[in-house]
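Single-structure report; data block below.
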Protein chains: 2
Amino acid sequence: MDLFVSKYFNKIDKKGRVSLPSSFRNILPKINKNEIILYKSIKTPSIEGCGVGRLKEIAKRINNLDFFSEDYDDFSSSIFSEIIPTNIDKEGRFLIPEELKKYAKIQNEAAFFGQGHFFQIWEPKIGLNNIESSRKRLLEEKKSLRTILTQQK
Amino acid sequence: MDLFVSKYFNKIDKKGRVSLPSSFRNILPKINKNEIILYKSIKTPSIEGCGVGRLKEIAKRINNLDFFSEDYDDFSSSIFSEIIPTNIDKEGRFLIPEELKKYAKIQNEAAFFGQGHFFQIWEPKIGLNNIESSRKRLLEEKKSLRTILTQQK
DNA sequence: TTCATACCCATTGACGCCCATATAATCCCA
DNA sequence: TGGGATTATATGGGCGTCAATGGGTATGAA
């Protein structure tokens, strides 16, 4: 499995350390296997993270936006300048920067949600509520959900 | 036969392990033959499962959506975070995650129902009742299998 | 010095791997 | 073709390993 999937709830210890779920660690490329990048989610009060390789993908997507649009400026400045490279220790733990912790209202426990090519870190209750709302929105638009889930190649 | 078909009733042992029916195991691709993915059924109190190949298809489709759209967020959080990859041991057994067991009210025995490209896991009595009601609904609405099978899209 | 962080070591519980057995299915040969 | 022998499947249990977590200490920057 080479995608970030599933949910994990890990504790943050006195020193501020938290384990990146083992299955997430295994997805990181062997080179840079002890580094992830973190940044504020644009649309939600959560932290997003991924391996360093993913950064290039994001850059490409932004670059495809119209260079003179407001979106371009907005994304470009809100993403790149906000990115925080972070090291993972030998036990697979890392420190969540204070600013990001505050942004996501995280205190003693962090919820890790797989999102395919990246993952999110939430305050557990807020995160679960958000998943609930996303799911409701999708179910209301049954047609698109069916298309994605049931299409055969 | 490369489809999940038929019904099986297997016991869950003290450690929580249950055998994936042999005929289901044989359908899994040789690569990834010891991994399945599980998730809550959207419409019924049951667990659905399939091989990892199917997930990659879905991931590809989601990734093709507009990266900055709400749909993208909704799909990725409702689908990827709900998916639970699970390993199958050498004897062909796996663990049903607690959360899913609770969702499907499964305790000591699990019913496996083939559904073609995926399968469902039910609490045996609930599952059998569901089949019964489905059958009744079909009869009451006087739909014949023939009607359904010959319908054009 | 003081604070922050990385490294090292320890603990606990869960899980994977291995081996064993019973029952069922299949095979094979006289 | 009958019946013993082999194989497959479902199931049970021991035990080592790993993931998550906690804490001590060294290192380095302010």
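First the proteins, then the strands, lettered A, B, ... as listed; each starts at 1.
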Measure all distances between protein nitrogen or oxygen atoms and nitrogen or oxygen atoms of nucleotides 28-30 of chain D, and list the pairs falling under 3.5 Å.
none

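- Every residue two or more places apart in sequence or in another chain that forms a ring pair (Phe, Tyr, Trp, His ring centres under 6.0 Å) with A:Phe67 is listed here: A:Tyr72.
- Atom-to-atom distance recorded for B:Lys7:NZ and B:Gln120:CD is 12.5 Å, nearest 0.5 angstrom.
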Report summary line: 5' to 3', nucleotides 10-16 of chain D under a 4.0 Å protein heavy-atom cut-off (B base, S sugar-phosphate only, - none) gives SBBBBB-
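- The distance between atom CZ of A:Phe24 and atom P of D:dA19, rounded to the nearest whole Å, is 15 Å.
- A donor and an acceptor atom, one from each side chain of B:Ser77 and A:Ser134, are located under 3.5 Å apart.
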Query raised in the report: Could you go step by step and tell me if B:Val52 and B:Ile36 meet the side chain to side chain contact (heavy atoms under 4.5 Å, CB included) rule?
Result: CA-CA 6 Å; B:Val52 293; B:Ile36 54 176; over 6 Å; no
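- Rotation axes derived from the C1' atoms of the five outermost pairs at either end of the helix from C:dT1-D:dA30 to C:dA30-D:dT1 lie 40° apart, to the nearest 10°.
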Listed pairs under 3.5 Å, donor-acceptor, residues 99-111 of chain B side chains, sequence neighbours left out:
{"unit_1": "B:Glu99", "atom_1": "OE2", "unit_2": "B:Lys40", "atom_2": "NZ", "d": "3.0"}
{"unit_1": "B:Tyr103", "atom_1": "OH", "unit_2": "B:Ser41", "atom_2": "O", "d": "2.9"}
{"unit_1": "B:Tyr103", "atom_1": "OH", "unit_2": "B:Thr44", "atom_2": "O", "d": "3.2"}

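- Remark: B:Ile58 CD1 to B:Ile37 CD1 distance equals 6.5 Å, nearest 0.5 Å.
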**Report entry** Criterion side chain to side chain contact (heavy atoms under 4.5 Å, CB included) on A:Leu138 and B:Phe75, from CA distance to verdict
**Finding:** CA-CA 7 Å; A:Leu138 273 191; B:Phe75 279 122; 3.6 Å; yes
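- The salt bridge (Lys or Arg N to Asp or Glu O under 4.0 Å) contacts involving residues 17-34 of chain B comprise B:Asp13-B:Arg17, where partners must be two or more places apart or lie in separate chains.
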Report task. Please report the C-alpha distance between A:Asn34 and A:Phe94 in whole Å, then the side-chain angles of each, then the deciding distance to 0.1 Å, and finally whether the side chain to side chain contact (heavy atoms under 4.5 Å, CB included) criterion is met. Result -> CA-CA 9 Å; A:Asn34 46 13; A:Phe94 66 99; over 6 Å; no
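- For DNA chain D, none of the residues of residues 107-119 of chain A falls under the heavy-atom distance limit of 4.0 Å.
- Within the hydrophobic cluster formed by Ile, Leu, Val, Met, Phe, Trp and Tyr side chains joined at under 4.5 Å, directly or through other members, B:Ile126 is accompanied by B:Phe9, B:Phe113, B:Trp122, B:Leu128, B:Ile131.
- Residues meeting the salt bridge (charged side-chain N to carboxylate O under 4.0 Å, His left out) test with B:Lys136, sequence neighbours left out: none.
- Qualifying side-chain contact (heavy atoms from CB on, under 4.5 Å) partners for B:Ser6, counting only residues two or more places apart in sequence or in other chains: B:Tyr8.
- From A:Asn63, atom CG reaches atom NZ of A:Lys56 across 14.5 Å, with rounding to the nearest 0.5 Å.
- The side-chain heavy atoms of A:Cys50 and A:His117, taken from C-beta on, include no pair separated by under 4.5 Å.
- When DNA chain C is scanned in the 5' to 3' direction for atoms under 4.0 Å from non-hydrogen atoms of chain A, the outermost contacting nucleotides are C:dT5 to C:dC9.
- Residues satisfying the ring pair (Phe, Tyr, Trp, His ring centres under 6.0 Å) criterion with A:Phe4, sequence neighbours excluded, are A:Phe24, A:Phe119.
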